[in-house]
Student: 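This is the structure I want to talk about, given as structure tokens.
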Amino acid sequence: MIKQIIASALMTVSVCASAQLKVTEGTKFTTDANLETNEKLVLADDYNSYMFSVINIDGLMRNVFPHKKILMRKLDQNGSLVDTYIKDYANKTNGVLHNYLGSQQIDEDRFVVFTEEYFGKENRKEVFQHVFSRKEGAFTSKSIAKYTIESTNKSGTTYVVFSENGKYAAVFNDRYASKKTDNINDALVLDLRTLSPVWTKEISLSSDYVEKSLTLTNSGKIVLLRKAAGWKESYKMELVSNTEDKDLPYDDKYIPEKLYAISKNDNDYLVTFGRKNQAVTLGGSTFGTVMMYDIKSGKAVISTTNLSGSKDMSDVKVIKTIIKGDDVLMAVQQESVTRPLPSAMNRFPDPVYKLDVGVLMKFDKDGEVKQFVPLGSNPVGRRIQVIESGDNLYVSSVYPKGAFGNTGFSMKSFDFASLTPKELTADYKGKNFFMNYGFTDGNLIQFVPNVNKLMFLQKNVKDVQMISLYNFIK
């Protein structure tokens, strides 16, 4: 079997055996790489696309107020910069703090960004939505939630999560709570199409457990992962909605670390990453074992598949979920963390997080992982991208480009049924198109199916350039 996989991986397939390959390169433009984060290529079609980024930096010396901006750069059909829209989301009052919470494309025209501001002197915290419309070329901002806080340092934590189907967003305010305070939190679920509340309420939770993470189902329900307070190794999952508040029982020998909600046949499921017990994964990854959990029936299937992450593994990022019939395919990427040693200049260095190995996993109708395909190492630490077209998947990857540690851009195709990998080549001017470009982040790659166009933003230290490849898929 291993020999067959290796042999198939060495096979190549022409991306455009019959259609003529067309490549366009946009004019280079400059971004502030030291400040801008969370960059994404969004609202893409064959006429325009937009590069989203956010500046979420506090305490810049050149500005009395926090430097908080949302940027949308408009690119034309060839990928050249034609306009930049900027939204400053900082309240210009001394002592008001701000934070970027998350963002999501709503539809072909709109992109939403969530931020928060909190002000200890007024004992308040407020969540805002900023909607960018490509038709209007403008942002519309609105306050959607207000909370009372004790102080700036006792303001709790606000989370924004999105459902896998893109229909809902949840704002969860995890209130600050001392040992003598009841564990009461705030939940708001929005319909992303209308940006109107679906349900909102205060949630009373037991004080002997604390919130660790949460996910939002495709039916607009929140599932919380909670850990026992103190040193006790105990976890539980709780589902909350406008009509329900209940525990989701499972094998207490299994310890979930990350939850992700999906749907199959109109039923909600959880895919969890965790471990069977401490002894099994001592010195190894705590995210190695996968469980498929049927929320309606309570049936849990713990797979024998292990992600084989390193002991430095800190998280699992779900890149894409594809459901065909009874099969569920998930592309995930492991995240590792390293902790630099203190120095004279930096006594308390921040941890360094890096996206690492990608994996394709396919679950059968019973919830067991039946296929498991590692995508190789990722030395540059960037997000992969998975494009679905017909019965094939196209996955951006990385390949060694030279003896000096440089890396290049690679694309592999996978037949959905067999998950057999094939390296793609795109013959352009006598060379493989992908080998001429460095591996870009998956958030900066988009595919426009109606014109068979692959587009990606290529970045170096100073410049960004849009590259478009027409007739990408044969």
Side-chain angles (χ1 to χ4, degrees), residues 31-43 50-60 62-73 84-106 110-120 124-133 138-147 149 152-153 155-163 166 168-174 176 186-190 192 195 211 213-216 315 317 335 350-353 355 382-383 441-444 457 459 464:
T31 64
D32 195 330
N34 294 322
L35 297 181
E36 296 181 41
T37 62
N38 207 240
E39 297 154 323
K40 303 176 188 178
L41 183 59
V42 299
L43 299 172
Y50 294 77
M51 178 182 173
F52 163 80
S53 64
V54 63
I55 299 176
N56 193 39
I57 304 295
D58 287 307
L60 292 182
R62 68 186 186 193
N63 194 335
V64 175
F65 299 103
H67 206 65
K68 305 286 183 171
K69 297 184 185 298
I70 303 165
L71 299 96
M72 294 289 283
R73 291 181 172 89
T84 301
Y85 307 91
I86 300 176
K87 170 67 180 180
D88 189 337
Y89 63 93
N91 182 328
K92 302 300 186 182
T93 302
N94 284 322
V96 179
L97 301 178
H98 308 81
N99 189 37
Y100 164 75
L101 297 174
S103 58
Q104 176 96 339
Q105 182 168 322
I106 298 174
R110 296 174 300 160
F111 187 86
V112 63
V113 182
F114 294 94
T115 65
E116 66 174 344
E117 67 177 44
Y118 45 108
F119 193 23
R124 69 169 176 86
K125 178 163 64 172
E126 199 163 356
V127 177
F128 294 84
Q129 68 181 28
H130 312 276
V131 179
F132 176 80
S133 168
F139 289 93
T140 302
S141 298
K142 177 183 177 182
S143 171
I144 60 171
K146 295 181 180 180
Y147 309 113
I149 62 175
T152 298
N153 294 329
S155 58
T157 305
T158 306
Y159 301 92
V160 170
V161 292
F162 302 95
S163 63
Y168 301 101
V171 179
F172 187 85
N173 180 44
D174 190 356
Y176 173 82
D186 309 283
L188 165 64
V189 173
L190 299 170
L192 278 180
L195 290 171
E211 290 69 64
S213 67
L214 70 156
T215 189
L216 181 64
D315 200 357
K317 304 295 186 183
E335 183 180 73
D350 292 331
V352 177
Y353 296 91
L355 287 170
R382 294 173 182 164
R383 183 183 184 273
D441 189 90
N443 281 321
L444 299 177
L457 289 171
K459 294 184 63 181
V464 180

Student: Just by distance, do the side chain of His98 and the backbone of Asn91 share a donor-acceptor pair under 3.5 Å?
Tutor: yes

Student: Roughly how far, to the nearest 0.5 Å, is the OH atom of Tyr85 from the OG atom of Ser133?
Tutor: 9.5 Å

Student: Report yes if the side chains of Ile57 and Lys68 come closer than 4.5 Å at any heavy-atom pair, otherwise no.
Tutor: no

Student: Who are the salt bridge (charged side-chain N to carboxylate O under 4.0 Å, His left out) partners of Arg110, not counting sequence neighbours?
Tutor: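 Salt bridge (charged side-chain N to carboxylate O under 4.0 Å, His left out) list for Arg110, sorted by chain: Asp107.
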
Student: Can you name the nearest heavy-atom pair linking His67 to Leu35, along with the distance?
Tutor: CD2-CD1, 4.0 Å

Student: Is it the case that Glu116 and Thr158 place a side-chain donor and acceptor less than 3.5 Å from each other?
Tutor: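 Per modelled atom types, Glu116 and Thr158 side chains form a pair under 3.5 Å.
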
Student: At their closest point, which heavy atom of Ser103 faces which heavy atom of Asn38, and how far apart are they?
Tutor: OG-OD1, 3.7 Å

Student: At their closest point, which heavy atom of Phe172 faces which heavy atom of Ala187, and how far apart are they?
Tutor: CD1-CB, 4.2 Å

Student: For the backbone of Glu39 and the side chain of Ser53, can you confirm whether one donor and one acceptor N or O come within less than 3.5 Å of each other?
Tutor: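 The answer is no, because no donor-acceptor pair under 3.5 Å joins these two groups.
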
Student: Leu192 and Ala169: which non-hydrogen atoms are nearest, and at how many Å?
Tutor: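 Shortest heavy-atom separation between Leu192 and Ala169 comes out as CD2-CB, 3.8 Å.
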
Student: I need the Tyr100 OH to Thr37 OG1 distance, nearest 0.5 Å.
Tutor: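 These two atoms lie 7.5 Å from each other.
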
Student: Could you give the distance from CG (Leu188) to CG (Asn173), rounded to the nearest 0.5 Å?
Tutor: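 Leu188 atom CG to Asn173 atom CG measures 10.5 Å (nearest 0.5 Å).
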
Student: Answer whether the closest heavy-atom distance between the side chains of Thr84 and Met72 falls below 4.5 Å.
Tutor: no

Student: For Asp186, enumerate each residue passing the salt bridge (charged side-chain N to carboxylate O under 4.0 Å, His left out) test, keeping only those at least two apart in sequence or located in another chain.
Tutor: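 If we apply the salt bridge (charged side-chain N to carboxylate O under 4.0 Å, His left out) test to Asp186, skipping adjacent residues, the hits are Arg175.
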
Student: Answer whether the closest heavy-atom distance between the side chains of Arg382 and Leu355 falls below 4.5 Å.
Tutor: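 Heavy-atom side-chain distance check fails, nothing below 4.5 Å.
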
Student: For Ala170 versus Leu216, what's the shortest heavy-atom pair and its separation?
Tutor: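 That would be N-CD2, 3.6 Å.
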
Student: Would you mind reporting whether Val113 and Val54 have side-chain heavy atoms less than 4.5 Å apart?
Tutor: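 They are not in contact (no side-chain heavy atoms under 4.5 Å apart), so the answer is no.
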
Student: Would you check if Phe114 and Leu190 make a side-chain contact, meaning some heavy-atom pair closer than 4.5 Å?
Tutor: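 The answer is yes, as the side chains (C-beta and beyond) meet within the 4.5 Å cut-off.
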
Student: Do the ring centers of Phe52 and Phe111 come within less than 6.0 Å of each other?
Tutor: yes

Student: List the steps and the verdict of side-chain contact (heavy atoms from CB on, under 4.5 Å) for Leu444 and Lys459.
Tutor: CA-CA 10 Å; Leu444 299 177; Lys459 294 184 63 181; 3.8 Å; yes

Student: Are a donor atom and an acceptor atom from the side chains of Asn56 and Tyr89 found within less than 3.5 Å of each other?
Tutor: yes

Student: CG of Leu41 to CD of Gln105: how many Å apart, nearest 0.5 Å?
Tutor: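 One finds 9.5 Å between CG of Leu41 and CD of Gln105.
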
Student: Nearest 0.5 angstrom please: Tyr118 OH to Thr152 OG1, how far?
Tutor: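 Between Tyr118 OH and Thr152 OG1, I get 7.5 Å after rounding to 0.5 Å.
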
Student: Quick one about Glu36 and Thr31 (side-chain donor to acceptor, distance below 3.5 Å, no hydrogens or angles considered), yes or no?
Tutor: no

Student: So, Phe139 versus Phe132, ring centres under 6.0 angstrom or not?
Tutor: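 Here the rings of Phe132 and Phe139 have centres that are less than 6.0 Å from each other.
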
Student: Quick check against the 3.5 Å criterion: does Lys142 have a side-chain atom that pairs as donor or acceptor with the backbone of Val131?
Tutor: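 No, because the side chain of Lys142 does not come within donor-acceptor range (under 3.5 Å) of the backbone of Val131.
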
Student: Regarding His130 and Thr115, do their side chains bring together a donor and an acceptor under 3.5 Å, going by distance alone?
Tutor: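 Note: His130 and Thr115 side chains meet the donor-acceptor criterion.
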
Student: Please name the pair of heavy atoms, one in Phe162 and one in Gly102, separated by the smallest distance, quoted to 0.1 Å.
Tutor: CZ-C, 4.3 Å

Student: Taking C-beta and beyond as the side chain, do Gln129 and Leu195 meet within less than 4.5 Å on heavy atoms?
Tutor: yes

Student: Indicate yes or no: does Arg383 engage Asp441 in a salt bridge with an N to O separation below 4.0 Å.
Tutor: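 Judged by the 4.0 Å cut-off on N to carboxylate O distance, Arg383 and Asp441 do not form a salt bridge.
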
Student: Using 0.5 Å steps for rounding, measure from the OG atom of Ser155 to the CD atom of Glu117.
Tutor: 12.5 Å

